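Side-chain atoms are counted along with the backbone in the values below, which use heavy atoms only and exclude waters and symmetry mates. Chain A is the first sequence line, chain B the second, and so forth, proteins listed ahead of strands; every chain is numbered from 1. The model shown is predicted, which means the values in this text are computed figures rather than measured ones.
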Protein chains: 2
Amino acid sequence: MSSQNIKPTESELEILRILWERGPSTVREVHEQLVKTKESGYTTTLKLMQIMYEKGLVKRDDTNRSHIYEAGVSQEKTRKMMTDKLIRTLFQGSSSKLVMQALGHHKVSKEELAAIRKYLEEMEKSGK
Amino acid sequence: MSSQNIKPTESELEILRILWERGPSTVREVHEQLVKTKESGYTTTLKLMQIMYEKGLVKRDDTNRSHIYEAGVSQEKTRKMMTDKLIRTLFQGSSSKLVMQALGHHKVSKEELAAIRKYLEEMEKSGK
DNA sequence: GCAAACATACGAACATTTTCGTAACTCAGA
DNA sequence: TCTGAGTTACGAAAATGTTCGTATGTTTGC
């Protein structure tokens, strides 16, 4: 395990999402993306990314004047971390409760349903 | 819609969880429960609950000296809100991705799996 | 009636997160 | 070379969340 266990703040998460989607990017590029959803100044984005760098949430290549940033934590790990937390804090540690919540209150296409069911059957088979 | 859309903070959520479990309770009772997990002073709990009252996150009956607090937002709504948010922010809006994440990375008992599968089948049936 | 225990209210310190202004440096083009 | 646009670094204000001390009021038991 590396320094992955740091919990990103709300704003940091927004930036991570952009980095996951775009891959390595400059502050400018991240910022352009960010302002599509959210009012904010360039140096705000810069500062946030600098802080994230100190925390190890992003990596950066500063050989050029415009530094290139990329995510330092994987989407996968972050998803797991936050899902774990949600299950623990709001669903009494029961992942099946969360599953039913997600299935019950969100539109899921037929195809998705089928995929889930298949996934489930495999689990039941291969699992204990 | 009432004032349900207020997002509880971390600490507020801890208190809500206790209120959901215990039902109407005094600050003292909530506090006793809280200190089992977390170091904190009585007036801190009190202050938090007062703030929650102002925000509408809890209701209270102050006819007696010891006020009786109860949750002002339901566990159900809160679960939905936070699950929605997780799906939106980390799973590209796809609830099935979250479902697979939850199924894949958490221990789910055979019984739970079966229950989910049944639930799923019913959905597919009624849904079509 | 009085003291001790217990309750609320509330200001304010503290901690964390977010926002931005400003200084300083680099680079490209006229 | 000079200027203007673009970049980083960084301090510090602003906003939000957490913690607690203290004042004050109420109740209980002796």
Enquirer: Is Ser11(B) touching bases, backbone alone, or none of the nucleic acid, heavy atoms closer than 4.0 Å?
Expert: sugar-phosphate

Enquirer: Taking the side chain as C-beta and beyond, is there a heavy-atom pair between Tyr119(B) and Leu103(A) under 4.5 Å?
Expert: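 Yes, side chains in contact.
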
Enquirer: Around atom CD of Glu121(B), are there more than 12 heavy atoms of other residues, nucleotides or ligands at under 6.0 Å?
Expert: yes

Enquirer: Where the side chain of Arg65(B) is defined as all heavy atoms beyond and including C-beta, which of dG6(D), dA7(C), dG17(D) is the nearest nucleotide?
Expert: dA7(C)

Enquirer: Please confirm whether the shortest side-chain N or O distance from Ser40(B) to OP1 or OP2 of dC20(D) is below 4.0 Å.
Expert: no

Enquirer: How do Lys47(B) and Val27(B) order along DNA chain C: which one's closest nucleotide is nearer the 5' end?
Expert: Val27(B)

Enquirer: Using a cut-off of 4.0 Å on non-hydrogen atoms, how would the nucleic acid contact of Ser66(B) be classed: base, sugar-phosphate, or nothing?
Expert: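 It contacts sugar-phosphate atoms only.
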
Enquirer: Please give, in whole Å, the distance from dG25(D) P to Asp62(B) CG?
Expert: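 From Asp62(B) CG to dG25(D) P: 17 Å.
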
Enquirer: Between dT24(D) atom P and Gln50(B) atom CD, what is the distance in whole Å?
Expert: 17 Å

Enquirer: Rounded off to whole Å, could you give me the CZ-to-P distance for the Arg28(A) and dC27(C) pair?
Expert: 17 Å

Enquirer: Any base atoms under 4.0 Å from Glu12(A), or only sugar-phosphate, or nothing? Heavy atoms, all strands.
Expert: nothing

Enquirer: Of all the choices, dA9(D), dT18(D), dA9(C), which nucleotide is nearest to the side chain of Ile51(B) once you look at every atom?
Expert: dT18(D)

Enquirer: For Gln92(A), I'd like to know if atom CD has over 12 heavy atoms of other residues, nucleotides or ligands within 6.0 Å.
Expert: yes

Enquirer: Apply the side-chain hydrogen bond (donor to acceptor under 3.5 Å, both in side chains) test between Thr45(A) and each candidate in Glu14(A), Gln33(A), His31(A); give the one that qualifies.
Expert: His31(A)

Enquirer: Rounded to whole Å, please give me the gap between NE2 in His67(B) and P in dT26(D).
Expert: 11 Å

Enquirer: The side chain of Tyr42(B) is closest to which nucleotide in this list: dT22(D), dC20(C), dA7(C)?
Expert: dA7(C)

Enquirer: Among dA9(D), dA9(C), dT18(C), which is the nearest nucleotide to the side chain of Thr43(B)?
Expert: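 Looking only at side-chain atoms, Thr43(B) lies closest to dA9(C).
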
Enquirer: Write down the distance between CD (Glu32(A)) and P (dG6(D)), rounded to a whole number of angstrom.
Expert: 10 Å

Enquirer: On the nucleotide dT18(D), are OP1 or OP2 found under 4.0 Å from the side-chain N or O atoms that Lys38(B) carries?
Expert: no

Enquirer: Tell me whether Arg17(A) contacts the main-chain N or O of Thr89(B) through its side chain, where contact means a donor paired with an acceptor under 3.5 Å.
Expert: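 Confirmed, Arg17(A) side chain pairs with Thr89(B) backbone.
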
Enquirer: Contact class for Thr44(A) (heavy atom, under 4.0 Å): base, sugar-phosphate, or nothing?
Expert: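 Since a base atom lies under 4.0 Å of Thr44(A), the category is base.
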
Enquirer: I need the CG-C1' distance between Leu48(A) and dT19(C), as an integer number of Å.
Expert: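 Going from CG in Leu48(A) over to C1' in dT19(C) covers 8 Å.
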
Enquirer: How many Å lie between CE on Met49(B) and P on dG17(D), as a whole number?
Expert: 18 Å

Enquirer: Over how many whole Å does the gap from Asp61(B) atom CG to dA7(C) atom P extend?
Expert: 16 Å

